[in-house]
A.B. asks: 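Before I ask anything, let me first share the structure, which is written out below as structure tokens.
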2 protein chains.
Amino acid sequence: MLRRPTIDDVAGLAGVSIKTVSRVFNRAPNVRRETREKVFAAAETLHYQPNLSARQLASNRTFLVGLVYDDPDPETTNDYVTAIQSGSLLACRDYGYHLLINPVSVSSPKLIDELTALNRQVDGLIVLQPLSDVRAVNQFITENDVACVRLSQRPLSGYASISVADVEAADEMTEHLLSLGHRRIGFIMGHPEHGQSHDRMAGYRRALERNGVPFDPKLVAQGLFDYDSGYACARRLLSQGDLPTAIFASNDPMAMGVLSAAREMEFDVPGKLSVAGFDDSPLARHAYPSLTTVRQPIASIARLATEELMQRLQNGGSGDANHCLKAEVILRASTAAPSPQAGHASS
Amino acid sequence: MLRRPTIDDVAGLAGVSIKTVSRVFNRAPNVRRETREKVFAAAETLHYQPNLSARQLASNRTFLVGLVYDDPDPETTNDYVTAIQSGSLLACRDYGYHLLINPVSVSSPKLIDELTALNRQVDGLIVLQPLSDVRAVNQFITENDVACVRLSQRPLSGYASISVADVEAADEMTEHLLSLGHRRIGFIMGHPEHGQSHDRMAGYRRALERNGVPFDPKLVAQGLFDYDSGYACARRLLSQGDLPTAIFASNDPMAMGVLSAAREMEFDVPGKLSVAGFDDSPLARHAYPSLTTVRQPIASIARLATEELMQRLQNGGSGDANHCLKAEVILRASTAAPSPQAGHASS
DNA sequence: GCAACGATTGACAGCGCTGTCAATAAGAAA
DNA sequence: TTTCTTATTGACAGCGCTGTCAATCGTTGC
């Protein structure tokens, strides 16, 4: 195996100093065009690539970005995180950075220690929910002036954030169900510690109110953003009192649970019960019936988050821009007008 | 912001040389117990953590492992890759390594250049299928003596590999369908360039043969491991000749496509058509009806792959162990005995 | 003509640690 | 007693690059 070419080799072949080679590769100003071309030619001849470890150490930067998220159960994959990761990976590449994936546990007593260690190993962080809504995490960020961007509806002064207009999206979905004629619309709330759960609930309530439909607490159940809690909530909502003709679950796995409960309890979907989800994961697309849901602009979120972080890293600024992106209601086969006589599916 | 403590600070406080501190943190032999304790105490007092960039540069190692996989469509998440990633991430942590995620494109003309660059930035690679079955990639591995572990059924001399006993698993699934009484069993093949596609097919044929059921090429359709190709293959298999009473698809997304096609063509599942998948992704669990499928031991694969790579990295050996793990058939609601009179579902 | 400024390049210390080799003390064997 | 071996520790060059500062040349303004 050949020794890997270094900056000294390139400088020798190009007939310039190693500092000039460094300037060329770092796009520094004040290098003549012919000098730059000479250096690039030498580098190409030698198949030279800068040694990242050396760059890191000499510049006191790592060229790594840490994506940090809550991972309560490593055995379960989370489509939302995976999609954000995919988008961030590509965006980081465009800036010459690598993305490091860091699952943590919100309930771990070592959470702040882990974040501290991580922060030393990366130039900046992308913090996903629900982490970005945890007080201790935000305190860590401000006390250490951590270069980061947070995906959260809750701004933090001096730090950029990206969010989706969850109130508007949930309002629009609820409006859709109302326009179909539904007046008893069940709502399954997401995890109480996630900021977006409250926004989705707020949107649901706003649309009800705007349409003169009274809010009924009996139509609301508390889920945990997973299939099993969605299933349990649906079983409860479909078992008591004045039954809903539609159920809006705060994410797709919970909506899948609603579909299963409806089936077991012989509520035909969408004939007797309309079901809506949130996120537009593959689950939603491949479900039977295919799920009406809210699509988040994941690629835009990931790109914008990365760009905000790069702004901060490259300009040393204290960017505190807050971007709120619009989501889109996707109509599929799981929602329809309520049947003239609401009741159980007949076998 | 305080300056971060260095090895000099720890050496000063502990009253030893920096080399001794280095020995302690690298678990070198020949350090007295009380010396080691003194150093750890000083390090803890100072909240010292080794500077990874410096370690990388001084040792000519990066303490990074690259997970490299084919990603034809960055907009689509792949449950298998995500699960392997999750397991590898945890396993690497146990060895003090970080995992770098690297999607590439098998059809890109720059594939080998990208692998070359990546190989300079990590200490070793975990190569997933179908990459690990590409001749040019394996040539790159052997020509450069790349430290790696491949997930592949095809061994490469001098390099470790991990695989799942796909022949046996597919054999067992087909046996299950045969034991239910099915004799016309459709088979949807996976992507022709993935090694495991052929093994799954081989298992299917072996079980037929062992049970004296003649292989009928008209019962086989070529899919591409995705929902759409599964849907199209099912539509074809259910439209012509002597119809199958069961369809075994080589992965879960394709099996989901079979469910959709069956529904549209009014084949009740499992009453008139049994459907089986492979992989046991969340799709399988949450499908309606829930899918009978093959579960791969993903956590074991990831851990074993990482351990093999660590063996090679830490012992400089040329490990070439080949591990073949057993998969498990998971019975769910999508398979049942064929109805006494095979035919279309009634309304 | 002289001084000031800007463009361009180069020398080199040092980032924080590891690998290599030397030094020393203590114990065992001849 | 002398020599050899082992355990333990320390000195220091250097990994490949960047930041800082100096040097030099050419141009412009007075």
A.B. asks: Could you check whether the side chain of R23(B) and the base of dG19(C) have a donor-acceptor pair of N or O atoms closer than 3.5 Å, going by distance alone?
C.D. replies: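 No, no donor-acceptor pair under 3.5 Å.
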
A.B. asks: Starting at CG of N51(B) and ending at C1' of dG16(C), how long is that distance when rounded to a whole Å?
C.D. replies: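 From N51(B) CG to dG16(C) C1': 6 Å.
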
A.B. asks: Check every strand shown and say whether V31(B) touches a base, only sugar-phosphate, or nothing at a heavy-atom separation below 4.0 Å.
C.D. replies: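 Sugar-phosphate: the residue V31(B), judged by heavy atoms under 4.0 Å, touches backbone atoms but no base.
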
A.B. asks: Of the residues in residues 7-18 of chain A, which ones touch DNA chain C at a heavy-atom distance under 4.0 Å?
C.D. replies: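 When residues 7-18 of chain A is checked for heavy atoms under 4.0 Å from DNA chain C, the hits, listed by number, are V16(A), S17(A).
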
A.B. asks: Measuring from the side chain of K19(B) (C-beta onward, heavy atoms only), which nucleotide among dT20(C), dC15(D), dT8(C) has the closest atom?
C.D. replies: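 Of the candidates, dT20(C) comes closest.
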
A.B. asks: If we ignore angles and hydrogens, is there a donor and acceptor under 3.5 Å between the side chains of N138(B) and R150(B)?
C.D. replies: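 Checked: N138(B)/R150(B) side chains pair up, N/O donor to acceptor below 3.5 Å.
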
A.B. asks: Side-chain N or O of R55(B) versus OP1/OP2 of dG16(C): is the shortest distance under 4.0 Å?
C.D. replies: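 For dG16(C), OP1/OP2 do not have a side-chain N/O of R55(B) under 4.0 Å.
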
A.B. asks: L52(B) has an atom CG; how far is it from atom C1' of dC15(D), in whole Å?
C.D. replies: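 Rounded to whole Å, this separation is 15 Å.
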
A.B. asks: More than 12 heavy atoms of other residues, nucleotides or ligands under 6.0 Å from CD of E44(A): is that the case?
C.D. replies: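 No, CD of E44(A) has 12 or fewer neighbouring heavy atoms, counting only those of other groups under 6.0 Å.
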
A.B. asks: Between dC17(D) atom C1' and R61(A) atom CZ, what is the distance in whole Å?
C.D. replies: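 These atoms are roughly 12 Å apart.
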
A.B. asks: Rounded to whole angstrom units, what separation is found between the CZ atom of F25(A) and the P atom of dG19(D)?
C.D. replies: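 For the pair F25(A) CZ and dG19(D) P, the rounded distance is 16 Å.
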
A.B. asks: Consider the side chain of N26(B), meaning its heavy atoms from C-beta on, and name the nucleotide among dC17(C), dT18(C), dC17(D) that approaches it most closely.
C.D. replies: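 Closest nucleotide to the N26(B) side chain: dT18(C).
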
A.B. asks: Is the CG atom of D113(B) crowded by more than 12 outside heavy atoms at less than 6.0 Å?
C.D. replies: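 Buried by this count: over 12 neighbours within 6.0 Å.
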
A.B. asks: Is the closest basic N to carboxylate O distance between D123(A) and R55(A) below 4.0 Å?
C.D. replies: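 No, D123(A) and R55(A) are not salt-bridged.
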
A.B. asks: Output, in order, the C-alpha distance, side-chain angles, deciding distance and verdict of side-chain contact (heavy atoms from CB on, under 4.5 Å) for I101(A) and L99(B).
C.D. replies: CA-CA 8 Å; I101(A) 313 300; L99(B) 185 71; over 6 Å; no

A.B. asks: Write down the distance between CG (N30(A)) and P (dG10(C)), rounded to a whole number of angstrom.
C.D. replies: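 Rounded to whole Å, this separation is 14 Å.
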
A.B. asks: More than 12 non-hydrogen atoms from neighbouring residues, nucleotides or ligands closer than 6.0 Å to CD on E193(A), yes or no?
C.D. replies: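 Counting other residues, nucleotides and ligands, CD of E193(A) stays at 12 neighbours or fewer.
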
A.B. asks: What's the angle between the local helix axes at either end of the helix from dG1(C)-dC30(D) to dA30(C)-dT1(D), using five pairs per end and rounding to 10 degrees?
C.D. replies: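 Answer for the end axes of this duplex: 40°.
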
A.B. asks: What verdict does the side-chain contact (heavy atoms from CB on, under 4.5 Å) test give for S88(B) and I126(B), after you've listed the backbone C-alpha separation in whole Å, the side-chain angles of each residue and the deciding distance to 0.1 Å?
C.D. replies: CA-CA 9 Å; S88(B) 303; I126(B) 297 176; 4.0 Å; yes

A.B. asks: dG16(C) P sits how many Å from R3(B) CZ, rounded?
C.D. replies: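 It is 7 Å, rounded to the nearest whole Å.
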
A.B. asks: Starting at CD of Q56(A) and ending at C1' of dG16(C), how long is that distance when rounded to a whole Å?
C.D. replies: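 That distance rounds to 12 Å.
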
A.B. asks: Give a yes/no answer on whether the side chain of T35(A) brings an N or O atom under 4.0 Å of OP1 or OP2 in dT9(C).
C.D. replies: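 It does, given that an N or O in the side chain of T35(A) lies less than 4.0 Å from OP1 or OP2 of dT9(C).
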
A.B. asks: What nucleic acid atoms does P50(A) come within less than 4.0 Å of, heavy atoms only: base, sugar-phosphate, or nothing?
C.D. replies: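 Sugar-phosphate, backbone atoms only, no base.
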
A.B. asks: Output yes when at least one side-chain N/O atom of R32(B) is less than 4.0 Å from OP1 or OP2 of dT9(D), else no.
C.D. replies: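 So the side-chain polar atoms of R32(B) do come within 4.0 Å of the phosphate oxygens OP1 or OP2 of dT9(D), strictly under.
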
A.B. asks: Charged N to carboxylate O under 4.0 angstrom, E308(B) versus R312(B)?
C.D. replies: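 No.
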
A.B. asks: Between atom CG in L57(A) and atom P in dG16(D), what is the gap in whole Å?
C.D. replies: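 Rounded to the whole Å, the gap is 12 Å.
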
A.B. asks: Hey, is the side chain of S22(A) poking within less than 4.0 Å of OP1 or OP2 on dC17(D), counting only N and O atoms?
C.D. replies: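 Result: no.
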
A.B. asks: So does N26(B) have more than 12 non-hydrogen atoms from other groups sitting under 6.0 Å from CG?
C.D. replies: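 Result for CG/N26(B): enclosed.
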
A.B. asks: Give the nucleotide from the list dC15(C), dT9(D), dG19(C) with an atom nearest to the side chain of A58(A).
C.D. replies: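 Between dC15(C), dT9(D), dG19(C), the one nearest the side chain of A58(A) would be dC15(C).
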
A.B. asks: Which nucleotide, dC17(C), dG16(D), dT18(C), lies nearest any side-chain atom of Y48(B)?
C.D. replies: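 Closest of the options to the side chain of Y48(B): dC17(C).
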
A.B. asks: Hey, could you give me the CD/CD distance between Q153(A) and Q129(A), rounded to the nearest 0.5 Å?
C.D. replies: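 Separation between the atoms: 4.5 Å.
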
